[in-house]
Amino acid sequence: MTQLKKQVASTLPANISLDWLRSAYSHMVLIRAFDKKVVALQRTGQMRTYPSCLGQEAIGVGIGLALQDNDVFVPYYRDQATLFLRGVSLTQIMQVWGGDERGHLFEGAARRDLPLCIPIATQMTHAAGVAIALKSRAEHQACLVTCGDGATSKGDFSEALNLAGLWQLPMVCVINNNQWAISVPLHKQTACQTLAQKAVAAGMEGVQIDGNDVAEVYQAVDRALTKARQGKGPTLIEAVSYRLSDHTTADDATRYRDLEQVNNAWEREPVKRLQSLLHAHQGWSPEQENALLESVRKQVDDAVTAYLSIPPQPADEFLKYQFAEMTTPLALQISWQHERFPEHETSDSNGVQKS
Amino acid sequence: MTQLKKQVASTLPANISLDWLRSAYSHMVLIRAFDKKVVALQRTGQMRTYPSCLGQEAIGVGIGLALQDNDVFVPYYRDQATLFLRGVSLTQIMQVWGGDERGHLFEGAARRDLPLCIPIATQMTHAAGVAIALKSRAEHQACLVTCGDGATSKGDFSEALNLAGLWQLPMVCVINNNQWAISVPLHKQTACQTLAQKAVAAGMEGVQIDGNDVAEVYQAVDRALTKARQGKGPTLIEAVSYRLSDHTTADDATRYRDLEQVNNAWEREPVKRLQSLLHAHQGWSPEQENALLESVRKQVDDAVTAYLSIPPQPADEFLKYQFAEMTTPLALQISWQHERFPEHETSDSNGVQKS
Amino acid sequence: MSVTRAVNSGLSDINTVHEITMVEAVTLALRRAMTEDPTVVVLGEDVATNGGVFRATENLKTEFGFKRVLDTPLAESMIAGISIGMATHGMRPVAEIQFMGFIFAAMEQIVCHAARMRNRTRGRLHCPLVIRAPFGGGIGAPEHHSESTEALFAHIPGLRVVIPSSPVRAYGLLLSAIRNPDPVLFLEPKRIYRIVRQRVVDSGKGLPLDTCFTLRQGDDITLISWGAMMHETLQAATQLQQRGVNADVIDVATISPLDMTTIVRSVRHTGRCVIVQEAARSGGIASEISARVAEEAMPWLQSPVQRVTGFDTPMPYPRHEHYYLPTAADIVRACERTLGVI
Amino acid sequence: MSVTRAVNSGLSDINTVHEITMVEAVTLALRRAMTEDPTVVVLGEDVATNGGVFRATENLKTEFGFKRVLDTPLAESMIAGISIGMATHGMRPVAEIQFMGFIFAAMEQIVCHAARMRNRTRGRLHCPLVIRAPFGGGIGAPEHHSESTEALFAHIPGLRVVIPSSPVRAYGLLLSAIRNPDPVLFLEPKRIYRIVRQRVVDSGKGLPLDTCFTLRQGDDITLISWGAMMHETLQAATQLQQRGVNADVIDVATISPLDMTTIVRSVRHTGRCVIVQEAARSGGIASEISARVAEEAMPWLQSPVQRVTGFDTPMPYPRHEHYYLPTAADIVRACERTLGVI
Ligand SMILES: Cc1ncc(C[n+]2csc(CCOP(=O)(O)OP(=O)(O)O)c2C)c(N)n1
Ligand SMILES: Cc1ncc(C[n+]2csc(CCOP(=O)(O)OP(=O)(O)O)c2C)c(N)n1
Ligand SMILES: [Mg+2]
Ligand SMILES: [Mg+2]
């Protein structure tokens, strides 16, 4: 296990090009702008409870760039960056957090990915199951699952790793160690010195990396994925970062943590840090920055416009996805919705919305 | 972590007297005889499904001798030896496995102990809770919990240890590693090289010991209990042994394991091994052996007689322990039992059995 | 039809002098219980420093210290399991499950242990614990934060399930739940955590468990509900009254064990019965009550019992949850059917 | 009173030519499903080398190899969770929970994920998995090995709950469950695993889910049950017949979603109804059926529906479990009450 690097590197990481860094930087800037916008939408009542990924962009982007299209991604709820890189549109991400299941109609490489998982750590065993399926077809793909630091206390985490280690599953788990589980700091979550060493209990490899360094995240994840695809077993990666935002828009972190700690964390935040590195290597000009910000603004604005113009589902639509075939009780309940809501709010019998 | 000793020691353990060994030996012989008898009772229809502790006597006796009366014991289901040393009568142990809750009316030091726990690993968090209670009263007692090797795969195991490590609870967990979870051998349960090292994930101490050496069990448990009572935190102890019997009387182990492995295990079984040690040190005579066997036979026979003569509970009795106060629905259901069963099979309104 | 008599016992009226909210009443009861009994301990995720995500445990850590208000690691099964261990050894844990949607990880501990410890040991040990959990929809929370799955717990022998529907009842029932020597699941309808204020006297007086509360008396129809839906049910009763129909309105409060005496007495009197639940329709508490009413009051029933319920789906994500939740209009319509006016 | 017509479709008669037991029928269906569909995989504790503690998966490992018959580590939540992952990715896992009493650790996965994957992704993903679990009392097994908690699962939207009561139905329903694209909890009443043999043709034909089976036809009273209690229910029907009372006997089979059409049709015909369940009384499936019958057939009912059930306690330890289990005599007595003869 490596120990968390505390200083910010100023040399270029080996085997990483300036182009790659520029691209990673662009993604990170986009996600940060997007995230900020969604929080703003929530404040104005156009968005539901939303978990910001502020400060975690390097983890999400590093993972997203390392995943191949035919790998499978099993997200938790703070994975906006990775989902976007998997092909989920910003609009769909907003749709999910705007309280609409249709956001889960993922596109692109994500069409086989699992939906966001809210019950903590439960996604861990799903990922093991996906990995079993991939392995059974000898497809040389891997499954990558994420979770938070708090999630490591929940039984599912251990159960899934134990199985992954035992069956040598093509699975990579990245812990987004943002040091907080809502109001509970990591040192009140476990006495384990690092989360990476939780891998010992599963007889598998554990690595701790700097989750604010997108290149390090990318390289560690890429290495672990390659290993998994080659049938060489699972890896647990602890990516150490910091949750710069409130837990969600429903939370007020000033109730439980010092501003000083947060300010210190801002010193190491991943976007600024990568920008400095690019600057230090003459890899990024003010013009490029301006062009990027402009393009990002447009992308985000377009996504918001699209999001805000999605009509609600008809009042009976949520009754249609319980089973592949309609059941008698549900058919009856659909008819009740037709009585409860005016015609234009329910779809016709073919499931096509009328208005 | 120590590694499992494979050879049988022939020197006397330090700080252990011959007297102590003789006493431990007597308990082990008693439990073995008892265990054999209960299996026989099951074969003749006088006992329900029973999990033999054949081969695990050193673990149970070692723990039982190390526990103090005011410690709390949280057993799993294969803890006949320890329960007996806690003051639970052989009759009560039989009563539990004969399918009668009244066997759980433990006596002696066990009156505050938890009942046998059947859902695997769930007792782990109970023990942590008991340890919290002990710690909150600053009573300098410890809580000892047991589980099987299979139990270490279940989430509760990790959740409990994580908390014990974090809150430095006065808790000791002894894993009875008998190498099998019904038909699943340990190497199909986990890739973790030792179970003791599962402690790493909880940031606590883990020790592997020879579970066939009663003195080693006693000393490791005693040390861990002392440490716990002193407020120095929890310990995980992996006691390596072998399940010489079928999983329970409902199981047929020949279906899934080699006789050869079992025969090898018999070479290291704890009772014979302790007897040899005593013999080697002139600590045990044939007369003593005969007297012991005679006393053991009598104890077991008396217990069986007592067990077989326990009358059933009245037909309405099981309805009376749901809540401290009788509820309306249950009172009604008791009246139904009075209609369903003849008067002599139900108790009178004071809960006193009539016949 | 007769005149409705608004019951004014101070305990039963949702519309009394406004003073504290239901979530504040929960805090008040917790503080009271902790003050009078040093073995009462509050535990759960984010309950101490943060005071709970709904602030139900606000300030308790400051008042009682970190030995009695415990922020646990994130593991619901563990929270339930340690509560059981603590309860069997002289403590009275009041555990919070942050949202009822996350209680399922603790199901094994609740079903297999909390609810059985007394029976299994024939009374040698018992398990005086309370598990509190906010539940129900209508606040636009993410997936898993809005379900009403109380029926799953009401079918577990040995477990009490208590649901307050007003600040006064939250205070009184929670105190009784904590003092009760057996395990209680205390479900808090979070939609009404803050919508009503009520004068709550911190008298330390508990309210009876296993007992329905009659919130309004009337001769024409019996309306039965619990939790947040009491609100819509009372609204419906008011609308009915304006049309001259007087409803007996019953808050079940303890959904297990059920106080069928009060319910059957009312239905035998009114001859008509509508039961309102937010939970999924099939296999809910409304079905249990409906079955019992039919079995025990059939000769008195002038028309079949009606159930107004949620649907046999999970609660939709927030954008569409209003499609799911029963409304006062739904209740009135069911009453009309029962009364034969439509 | 009319003459009982014993239905002889070969599917519905518990007393046909003896050939294989119900547990053997389970194995036969598993083998058939694995043969015809290479994505079907069996997993669980002790299912491979040991062939399952009840031998339901006997020899499957030898026939299909260890890649399709998986002995898992001991963790029910994990078993359910990996099944969900596998099912969303092209496999059809058939997971065994060794005893239903140990399913609670998997509750979160079942409620929060298996039952919701299709809805939550609006049909993009689905979850074709089967969880098999032996359940019910009467074999004298230790604590937690004898409960009937099917009602807890029948209230979960998105989950099918299927219970066979004969070898023929075990075979046909399990095949249909495995082929079904949605999650099915398949509960096997272990008390009747081996007490009846029946000729089962390995035709590969499934039996319809979501459909009751009428095992006997009669005009005088409707007897409704499922699982092992079908046995006592049929015995009671025979005893009644000897007294000239002819019962319509319905095996519910799929307890969620319920086929109320068949049930209501029968009760409207007979005017009397007794429902038999082994599970604890309050909040069980019998209550759901009773409520629905009362709501939909009240004008036809000549007397209130009767429920014959277990008690509101856990199953007693084996020595006293006969005090708990409903008997044919209990059912006959309830019928007598319904018929007004006592
Ligand atoms: C099983 C479960 N319990 C509780 C919650 C409520 N909850 C949501 S997020 C959270 C903290 C998670 O912390 P962590 O795993 O560190 O992830 P982070 O949010 O910090 O990324 C909690 C307790 C939940 N979603 N699921
Ligand atoms: C939660 C749960 N799942 C399954 C079972 C069935 N079962 C009883 S014992 C056992 C194996 C336990 O093995 P181990 O933990 O090694 O203990 P041992 O019996 O070997 O002492 C299993 C699977 C159970 N009792 N509880
Ligand atoms: Mg975190
Ligand atoms: Mg073992």
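This is a predicted model, so every value here is computed, not measured. In what follows, chains carry the letters A, B, and so on, assigned in the order in which the sequence lines appear, proteins first and then strands, with residues in each chain numbered from 1.
- Distance check: B:His140 NE2 to B:Gln68 CD gives 12.5 Å after rounding to the nearest 0.5 Å.
- Rounded to the nearest 0.5 Å, atoms CG (C:Asp251) and CD1 (C:Ile224) are 11.0 Å apart.
- Chain C forms more heavy-atom pairs under 4.5 Å with one residue of B:Ala133, B:Cys143, B:Ala127, B:Gly103 than with any other, namely B:Ala133.
- The interface of residues 70-85 of chain C with chain B, defined by heavy-atom distances below 4.5 Å, comprises C:Leu70, C:Asp71, C:Thr72, C:Pro73, C:Ala75, C:Ser77, C:Met78, C:Gly81, C:Ile82, C:Ile84, C:Gly85.
- The two residues C:Pro208 and C:Thr211 come nearest to each other via the heavy atoms CB-OG1, 3.7 Å.
- B:Gln322 places no side-chain N or O within donor-acceptor distance of the main-chain N or O of C:Asn119, the cut-off being under 3.5 Å.
- Proximity to chain B (any heavy atom under 4.5 Å) is shown, for C:His126, by neither the backbone nor the side chain.
- Using a 4.5 Å cut-off between heavy atoms, C:Leu43 does not touch chain B at all.
- The two residues C:Val41 and C:Met86 make their nearest non-hydrogen contact at CG1-CE, 3.8 Å.
- Heavy-atom pairs under 4.5 Å with chain C were tallied for B:Val72, B:Thr328, B:Leu166, B:Asn162; the largest tally goes to B:Val72.
- Checking side-chain atoms of C:Gln277 against main-chain N and O of C:Ala286 turns up a donor-acceptor pair under 3.5 Å.
- Of the inter-residue distances, the one linking B:Glu159 atom CD with B:Lys154 atom NZ reads 9.0 Å to the nearest 0.5 angstrom.
- The cationic atom of B:Arg48 (NZ for Lys, CZ for Arg) does not lie both less than 6.0 Å from the six-membered ring centre of B:Trp97 and within 45° of the ring axis.
- Contacts with chain B (heavy atom to heavy atom, under 4.5 Å) involve no residue of residues 289-299 of chain C.
- Cation-pi geometry between B:Arg86 and B:Phe106 is not met at under 6.0 angstrom from the ring centre and within 45 degrees of the axis.
- For a residue to count as touching a neighbouring chain, one of its non-hydrogen atoms must lie under 4.5 Å from one of that chain's; by this rule C:Met117 touches chain B with the side chain only.
- Under the 3.5 Å distance criterion, the side-chain polar atoms of C:Thr254 are left unmatched by any main-chain donor or acceptor of C:Ser256.
- In this structure, the portion of B:Pro329 lying under 4.5 Å from any heavy atom of chain C is its side chain and not its backbone.
- Proximity to chain B (any heavy atom under 4.5 Å) is shown, for C:Arg160, by both the backbone and the side chain.
- With hydrogens and angles ignored, the 3.5 Å screen pairs no side-chain donor or acceptor of B:Gln123 with any backbone N or O of B:Val74.
- Note: B:Val130 leads B:Val130, B:Ile118, B:Val96 in heavy-atom pairs under 4.5 Å with chain C.
- Contacts with chain C were tallied for B:Met124, B:Arg137, B:Arg112, B:Glu325; B:Arg112 has the most, counting heavy-atom pairs under 4.5 Å.
- At a 4.5 Å heavy-atom cutoff, the contact between B:Asp113 and chain C is made by backbone atoms alone.
- Using modelled atom types and a 3.5 Å distance limit, the side chains of B:Gln313 and C:Arg122 yield a donor-acceptor pair.
- For the options B:Thr327, B:Ile132, B:Leu116, heavy-atom pairs under 4.5 Å to chain C are most numerous at B:Ile132.
- Looking at C:Pro157, both its backbone and its side chain come within 4.5 Å of chain B, counting heavy atoms on both sides.
- Of the possible donor and acceptor atoms, one in the side chain of C:Arg120 sits under 3.5 Å from a partner among the backbone N and O of C:Cys112.
- Residue contact with chain C, scored on non-hydrogen atoms closer than 4.5 Å, involves the backbone and the side chain of B:Leu114 alike.
- In this pair, B:His247 and B:Tyr77 present their aromatic rings perpendicular. The plane angle is above 60°, beyond the 30 to 60° band.
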